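Notes for the one structure printed next.
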Amino acid sequence: MPPPATQPNVRVVTLNIDGRDLSAREDETIIEVCRENQIPIPSLCYLEGLSIWGACRLCLVELAGQGRLLAACSTRVTEGMQIQTNTEKLQRYRRTIVELLFAERNHVCSVCVSNGHCELQYLAQTCGVDHVRVPYRQASYRVDSSHEMFRLDHDRCILCTRCVRVCDEIEGAHTWDVMGRGTECRVITDMAQPWGESDTCTSCGKCVQVCPTGALVRQGTSVGEMVKDQHFLPILARRRHAQ
Amino acid sequence: MNLDDLADLAEQYRAIDANVEREVRVCMAASCQSSGAAPVMDALLAGLGDSKPACKVKGVGCMGLCSAGPLVSIADRDASLEESTLYRDVTADDAADIIASLDGPPVERLRCPTDQPFFARQQKIVLENAGIIDPDSFKGYVAVGGYSALIRALSEMTPADVLREVTDSGLRGRGGGGYPTGLKWSTVAKMPATQKYVICNADEGDPGAFMDRAILESDPHRVLEGMAIAAYAIGANKAYVYVRAEYPLAVERLQTAIRKAKRSGFLGNKIGDTQFSLEVEIRLGAGAFVCGEETALMASIEGLRGQPRPRPPYPAESGLWGYPTLINNVETFANITPILREGGDWFASIGTERSNGTKVFALAGTITNTGLIEVPMGTSLRDIIEVIGGGIPGGKAFKAVQTGGPSGGCIPAQHLDIAVDYDSLKTLGTMMGSGGMIVMDETSSMVDVARYFMEFCMTESCGKCIPCRAGTQQMHSILDRLAKSQATRAELALLEELCEVVQATSLCGLGQTAPNPVLSTMRYFRNEYEAKLGDA
């Protein structure tokens with residue numbers, strides 16, 4: 001039989017994740033392969049349709065023969081990889097990272113508009129966080145309610161920068177950014193002015209929908225009422241890519 | 001241009017000062033200037049005037065013994081620092097005596113012996129011109145053989161020859177990690193790309209480290225020459241020097257050097273009348289420590305927020321604006337010229353088996369001779385601290401030496417006899433780092449030391465990844481409570497756990513190494529932590 005007219009540019013590799021032999025395209029990342037095969041990997045900053053950020057460190061996995069842990073979101077698969085996604089050590093690290101997040105800002109689920117629909121809350125439950133061992137920082141932040149449709153509560157922000165990326169990469173407005181260093185970091189609109197006074201914001205609400213917690217919400221929502229819909233993003237990103 | 005043309009040029013430049021027999025060299029590096037070298041220089045210039053045509057006052061770079069500054073050395077032309085008469089703690093009032101002594105016996109009350117171990121035990125490769133040539137003088141650099149390595153590479157060697165020479169030398173990156181330089185260069189050289197970049201990392205931010213600053217202030221052309229050779233070897237035509245803005249003098253001298261080298265055809269278009277061109281640009285760091293991390297540094301050059309990104313891809317594959325990029329430290333580039341001049345085998349014969357050449361260290365803390373030294377790899381810590389550094393002043397006992405800045409750790413007295421190289425320091429739980437050494441005596445509290453470095457990492461964390469951003473803050477608050485004798489045993493255990501998590505999970509080197517000062521002080525001085533427990 002004659003070979004195909006055009007050779008495929010991307011090869012297919014086989015790898016082993018948690019004892020399962022899997023196949024993948026070599027341009028896929030570990031997290032994509034895991035999601036495809038229903039292998040749960042916790043993540044906060046990763047979101048299909050946005051660029052890779054690699055900052056939450058929750059998707060770290062163990063690779064046989066490699067001392068350092070690898071972030072599943074930013075590591076491409078290679079032939080013969082042996083990956084463990086849920087060892088006792090990884091569970092402990094993830095638990096600690098989620099605890100650090102809870103203590104960094106004032107995450108109080110019982111009074112949060114996203115209660116029951118929050119990715120951080122869900123992660124805490126799945127990672128087995130039953131209490132937070134480190135003291136809460138108790139920093140005080142102002143809530144920005146100046147936008148007519150949306151609200152920003154820094155106390156619930158985990159600095160995953162999904163809002164920054166969706167605004168820049170999908171909406172093309174680049175209203176959001178991060179200012180400050182270390183624990184002083186916070187998301188800002190335009191030149192750190194109130195959201196309602198932003199010249200660039202198109203009020204599209206994409207940032208609100210991709211926000212994993214109750215940091216960005218619709219005005220007028222009460223406890224547990226804020227349900228997010230992120231399904232638009234991969235579809236939109238794929239359509240844009242196809243053009 | 002070939003080597004003969006360059007030799008002619010050097011001869012021509014030497015002829016300018018043909019009548020000068022004695023030089024009065026005034027250290028004009030940042031340290032001596034901060035203790036008043038500029039008025040000394042003015043007084044010497046005014047005092048000498050035209051009275052002695054055979055003598056010349058010259059501003060030079062760092063002579064090493066910063067604690068004795070301002071330093072002035074009286075030397076015959078071309079003489080080394082050891083062969084000169086060195087004066088310490090010179091003031092403008094001493095100028096008249098020094099000028100009077102040029103024809104007679106030296107001024108004994110200012111003498112600083114140059115046969116003392118501080119000078120005699122050093123081996124200068126990187127700093128061979130420091131304290132001897134005028135860093136602002138292009139002609140001065142060419143007159144001592146400068147740019148001959150570049151011209152030789154361009155006229156007689158292929159890029160592959162240069163790569164082989166650097167690989168043979170066994171040079172390892174002097175920025176801290178110790179990655180083999182030859183391997184890094186050949187990786188970038190192999191990348192098929194139309195555009196490649198060379199970056200010189202001069203964003204030296206470790207507390208107590210000032211090697212890169214001194215090199216740039218003393219011999220900027222040497223760094224440029226090393227960069228040009230690298231660019232030729234890997235096929236780049238654009239280079240950046242990323243210097244922190246806190247080094248204004250280094251920036252100024254580098255600017256002067258770039259301008260003069262370009263005007264004379266050693267940078268810019270068609271260097272040495274060959275097809276090789278290189279534009280060098282300076283970018284100033286705005287004060288973030290994390291911008292010393294290579295991916296954050298490149299983001300900063302691109303005009304983005306200085307934050308690291310996950311690696312791979314490494315800069316060699318995808319660096320500045322996505323193009324293959326070679327990024328090396330100042331001291332690494334400063335080693336290239338002598339390697340090409342003397343050969344890779346010569347360089348490999350110096351130092352230890354797996355760490356070749358010399359290393360510049362900045363001695364700071366409670367040590368008699370504070371300053372800059374260069375010793376072969378494998379010199380023992382005891383030699384560095386007790387012999388070259390002159391030991392601890394005031395009859396106090398040595399307690400520990402901190403190496404590697406906030407990424408490193410403390411080495412206690414029982415390990416003083418270790419031969420310093422990349423691998424030996426790692427086994428002790430610290431690292432070479434860029435070369436800062438902070439010596440501490442018995443009065444230092446190790447918990448305080450750990451708290452200080454943790455505070456540094458906390459405030460310098462960029463805030464991108466959670467373990468570093470929130471973890472350093474939590475570790476610092478526990479260390480703070482420990483230092484105040486308020487922490488419990490449970491908190492100490494939590495501190496250890498946090499150290500492990502932050503080390504294993506952080507995105508970049510800053511977070512991954514931030515726990516090192518705590519872990520190493522806990523390893524050697526656990527009793528101090530126990531003694532500070534509130535519930536002990």
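Within every chain, numbering begins at 1; the chains are lettered A, B, ... in the order of the sequence lines, protein sequences first and strands thereafter. What you see is a predicted model; the values in this text were computed from it and never measured.
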- Task: State the CG-CD distance between B:L498 and A:E99, to the nearest 0.5 angstrom.
- Result: 9.0 Å

- Note on the structure: When rounded to the nearest 0.5 Å, the distance separating SG of B:C465 from CG of A:L159 is 11.5 Å

Minimum side-chain heavy-atom gap [X]-[Y] below 4.5 Å:
X: A:E104; Y: B:Q473; answer: no
X: B:T505; Y: A:T96; answer: no
X: B:R311; Y: A:S74; answer: no

- Please determine, among B:A504, B:C468, B:G306, the option with the most heavy-atom pairs under 4.5 Å with chain A. B:A504

- Message: Out of B:R469, B:E491, B:E500, return the one with the most heavy atom pairs under 4.5 angstrom to chain A.
- Response: B:R469

Under 4.5 Å from any heavy atom of chain B, what part of [X] do you find: side chain, backbone, both or neither?
X: A:I158; answer: backbone
X: A:L60; answer: side chain
X: A:R68; answer: side chain

[atom1] ([X]) with more than 12 external heavy atoms under 6.0 Å:
X: A:Y122; atom1: OH; answer: no
X: A:R92; atom1: CZ; answer: yes
X: A:R76; atom1: CZ; answer: no

Less than 4.5 Å to any heavy atom of chain A: does that hold for the side chain of [X], its backbone, both, or neither?
X: B:P308; value: neither
X: B:A490; value: neither
X: B:S506; value: backbone

- Short side-chain to backbone donor-acceptor contact, B:K464 and A:G54, under 3.5 Å: no

- Taking B:R305 for the side chain and A:V178 for the main chain, is one N or O donor matched with an acceptor at less than 3.5 Å? yes

Which heavy atom of [X] sits nearest to which heavy atom of [Y], and what is that distance?
X: A:I97; Y: B:P467; answer: CD1-CG, 4.2 Å
X: B:T459; Y: A:R181; answer: O-CD, 3.5 Å
X: B:C462; Y: A:C185; answer: O-SG, 3.3 Å
X: B:L507; Y: A:R57; answer: CD1-NH1, 3.5 Å

- Item | Interface residues of residues 509-521 of chain B facing chain A - non-hydrogen atoms under 4.5 Å apart | B:Q512

